[in-house]
Amino acid sequence: TSSQPRPSVPHTLHPPYLQVLHSAYHHVNSTLYTMLEDERLSGEQRELVCRHLQGTRQLQAELWGEGAPAPCQTGL
């Protein structure tokens with residue numbers, strides 16, 4: 001892996017299968033955000049969901065050649 005930042009590629013230039021991955025990450029992220037809104041989650045569960053959210057956001061950013069996402073906020 002190179003430490004050089006990848007140039008951003010417009011979303012319209014990505015092959016259809018990458019757009020499918022983007023859509024899947026969007027749905028996963030939406031579900032994880034919804035889970036974080038559940039006040040019944042323990043601190044440990046909230047941290048686990050937050051780690052998963054951070055990971056999917058990072059993968060989505062890499063897919064589109066964007067910078068690193070902001071850290072997850074666990075104290076919603």
Does any N or O in the side chain of R46 come within less than 3.5 Å of the main-chain N or O of M35, such that one atom is a donor and the other an acceptor? no
To the nearest 0.5 Å, how far apart are NE2 in H26 and CZ in R57? 13.0 Å
Could you list the residues that satisfy side chain to side chain donor-acceptor pair (under 3.5 Å) with S30, not counting sequence neighbours? none
Listed by chain and number, what are the side chain to side chain donor-acceptor pair (under 3.5 Å) partners of N29, not counting sequence neighbours? T56, Q60
In Å, rounded to the nearest 0.5 Å, how long is the span from OH of Y25 to NE2 of H27? 13.5 Å
For the residue pair Q45 and L41, what are the closest heavy atoms and their distance? OE1-CA, 3.4 Å
Inter-residue atom distance L59.CG - Q54.CD, 0.5 Å rounding: 10.5 Å
Does a side-chain heavy-atom distance below 4.5 Å link H52 with L48? yes
